[in-house]
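In each ligand, atom 1 is the first atom listed, and ligand 1 is the first ligand listed. Counting from 1, the numbers follow the sequence of the chain as shown.
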Amino acid sequence: MKRENEDVESEETLDPNDWESTRKLGHKMLDDMLDYVKTVRRRPVWQQVPEPVKAHFSVPVPQQPQPPEEIYKEFVEKVLPYPMGNIHPRFWGWILGTGTVMGAFAELLAASMNTNTGGCSNHVANYVEKQVIDWIKEMIGYPVAASGVLTSGCSAANIIGLTVARNAKAGFDVRRKGLQRASQAMVLYASQEVHSSIQKAVELIGLGKESLRLLPVNNYFQMDLGALKAAIMKDREAGCLPFCVVGAAGTTNTGSIDDLNALADLCQRENLWFHVDGAFGAWASIAPKARNKVAGMERADSLALDLHKWMYMPYEIGCVLVRHEAQHREAFSLTPDYLAHGECRLGLTGGDLPWFSDYGFQLSRGFRALKAWMSLKEHGSRKYARMIQQNIDQARYLGELVKASPELELAAPVALNVVCFRYVAPELDDAELDELNKRIIIELQEQGVAVLSGTVIKGRHVMRAANVNHRSRREDFEVVVREIIRIGKELTADCSL
Ligand SMILES: Cc1ncc(COP(=O)(O)O)c(C=O)c1O
C-alpha cells in the first residue's frame, strides 16, 4: 500500500520485472529438461570438464544484473554438458541414485512454495512429511509407533540415530553434562565393512573413532558374531561401556547384509542399542524375492536409510526412524522463547503432528517430503518393489556374465545389487592386475562408455558396479562387459601398462 510521502518506486523486489518473458523462459527450461532426460541414453555417460569451462567458474561476483535468458544460455553451454552422469543408464559408480522426472517437478513446486518444515506444525508440508514417514514405515515393515524425520541423506540419519543411542544408553544426562562427565568410555561395534559415515558420526558425537570397534567379517562380508561377542566381553572387563551395535543392511563395498536377527538378539540380551545403516539395502525389504535378506531390520532401535539412492528420488532425501519416539525427541528437542510451540495458530502442535526440528539437528528444513509423496503416488509401492527386484536381478545377470567370461572373475559373492569383479590375465602378477583394473575404470569413464568405481577387496583392486539405476537394461550390462574385455585386451597388448 502506498503511504503518503513514500517513494514506492524506490523499493525493490527480486520477483521478475516481466512476468510474461519469465513464464516463456520457464516453459523453455521445462521443455529442454524433459528432452535432456529423455535423450540421456544417447550421450556419453561422463565427459571431462574442459579447462576454459573450469575457468568460467573462477570470476568475481557479478555486481550488475544479467538478463535471465542469458543466464540460462550460460547454464546450457557451461553447466548442463558436464554432469556427474548418474542419470545415465550405464552409471553404476559408488552408489548414486538416478532421479525421476516427477521428482524434478516436485523440487520446482517445493521451491516455489519455499516452505520451512523445521518449525511450526500447522501448515500442510508437515502433514505431507508425516504421511511420507508413515508410508516408509509401512513399506519396510518398521513399527508404526516409531518416530521419524526426513534428512539430507543417510550420513545425517546415522548421526541422528547414533546421537539418540548415545543419550539413551549413557546412564546420565549427556545433553546437560557432556561426555566429559562420563565415568566409563562408551564403545560401539560395527563390521570393517561399515560405511565411513558411521565413523564420521561417531567422531561428531564426541566419542572418537577409537571407540568404534571394527570387527572382522566372514566370507560373505557379514560381521563375525563370535568376534563381536568376544569384543563386548573384553571391553566390559576393561571397564568400558558397550552401548550400541551398528548392523549393515547393504554394505557399500559388496552389498552384503549382516545377520540382522542375530544382531538384534544379541543386542536384546546384552542391553545394547541396535542401529541399522540401511542406506540403500533397507529397500530390499520391499523386493518380492529379497525381503528375507534384511529380516531383523525391523527390530532395530534406530534405522537410517536413503530415498535418493534406491528409491530413485532426486537428491537430497534420507530418513531416520527411531523405535521409541520419546528417546528421539529427548535427544533433540529444545524450545527457547522465540520457538515456543503452540502459542499461535501457525505454531500449534496439533494432535500427532510434531515440530520436525525436535527430531534432528536442523532448524530450517526444506520441503523434501513433496518429491517422495508425489513419486510414491505416481508409481505406487508395487512398482518400486518391482524396480528394486529388477536391479537385483540385473546385478545377478552381470555376475553371471562375469563368471562366463574367462577374462573376468568375481571378487565377492553378489549378495544384493553390487557386483565386484576383476579383469584377469595369466601373464600379469597381482600388482600389475591392480593397475590394469584401475586403468580400465578410467578408460570406461573417459570413453564415455560407463561409470564404474573401484574398491579394494581382500587386498586387491577391483571394479565395482552398484545398481540403483531404474534406466539400466540387461543390454547395458552386456555392453559394459564387452567393453571391459576390449579395453583390458588393448591395455595388456600395450606395453605402456
Ligand atoms: C551403506 C551406506 N551408508 C551411509 C551412506 C551415506 O549416505 P549419504 O550419502 O546419503 O549421506 C552411504 C552412501 O553411499 C552408504 O552406502
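Not a single heavy atom of Gly318 sits closer than 4.0 Å to an atom of ligand 1. Between Glu316 and ligand 1 there is no heavy-atom distance shorter than 4.0 Å.
Within ligand 1, the atoms closer than 4.0 Å to a non-hydrogen atom of Gly250 are 1 (C), numbered from 1 in the order shown. Against a heavy-atom cut-off of under 4.0 Å, Gly153 is close to the following atoms of ligand 1: 10 (O). Listed by number with element, the atoms of ligand 1 under 4.0 angstrom from any heavy atom of Asp306 are 7 (O), 8 (P), 10 (O). Every atom of ligand 1 is numbered from 1 in the order shown, and the set under 4.0 Å from a heavy atom of Thr252 is 1 (C), 2 (C), 15 (C), 16 (O). Those atoms of ligand 1 with a heavy atom of Lys309 less than 4.0 angstrom away are 7 (O), 8 (P), 9 (O), 10 (O), 12 (C), 13 (C), 14 (O). Heavy-atom proximity to His195, at under 4.0 Å, picks out these atoms of ligand 1: 1 (C), 2 (C), 3 (N), 4 (C), 5 (C), 6 (C), 12 (C), 13 (C), 14 (O), 15 (C), 16 (O).
Residue-level proximity to ligand 1 for Cys154 is carried by backbone and side chain together, each with a heavy atom below 4.0 angstrom. Using a 4.0 Å cut-off between heavy atoms, Ser155 contacts ligand 1 through both its backbone and its side chain.
The N/O atoms of His308, backbone and side chain alike, include one that comes under 3.5 Å of an N/O atom in ligand 1.
The protein atom (non-hydrogen) at minimum distance from atom 3 (N) of ligand 1 is Asp277 OD2, 2.7 Å. The shortest contact between atom 14 (O) of ligand 1 and any protein heavy atom is with Ile95 CG2, 2.9 Å. Looking only at protein heavy atoms, the nearest one to atom 2 (C) of ligand 1 is Ala279 CB, 3.3 Å.
Cation-pi geometry between Arg323 and Tyr142 is met: the NZ or CZ atom falls under 6.0 Å from the ring centre, inside 45° of the normal.
Between Lys293 and Asp258 there is no salt bridge, since none of the side-chain N atoms of the basic residue sits less than 4.0 Å from a carboxylate O of the acidic one. The residues Arg473 and Asp476 are annotated as not salt-bridged, no charged nitrogen and carboxylate oxygen being separated by less than 4.0 angstrom. One finds no salt bridge joining Arg269 and Asp265 here, because no Lys/Arg side-chain nitrogen approaches an Asp/Glu carboxylate oxygen to under 4.0 Å. The pair Glu475-Arg482 fails the salt-bridge criterion, with no side-chain N (NZ, NE, NH1 or NH2) lying under 4.0 Å from an Asp/Glu carboxylate O.
Partner Glu193 forms a side-chain hydrogen bond (donor to acceptor under 3.5 Å, both in side chains) with one of Asn253, Thr252, Thr251 and no other, that one being Asn253.
Scored by the salt bridge (Lys or Arg N to Asp or Glu O under 4.0 Å) test, Lys458 finds no partners at all (sequence neighbours excluded).
Using cut-offs of 30° and 60° on the angle between ring planes, the pair Trp94 and Phe91 is tilted.
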Check: residues 198-209 side-chain donor-acceptor pairs under 3.5 Å, at least two apart:
unit_1	atom_1	unit_2	atom_2	d
Gln199	NE2	Glu203	OE2	2.6

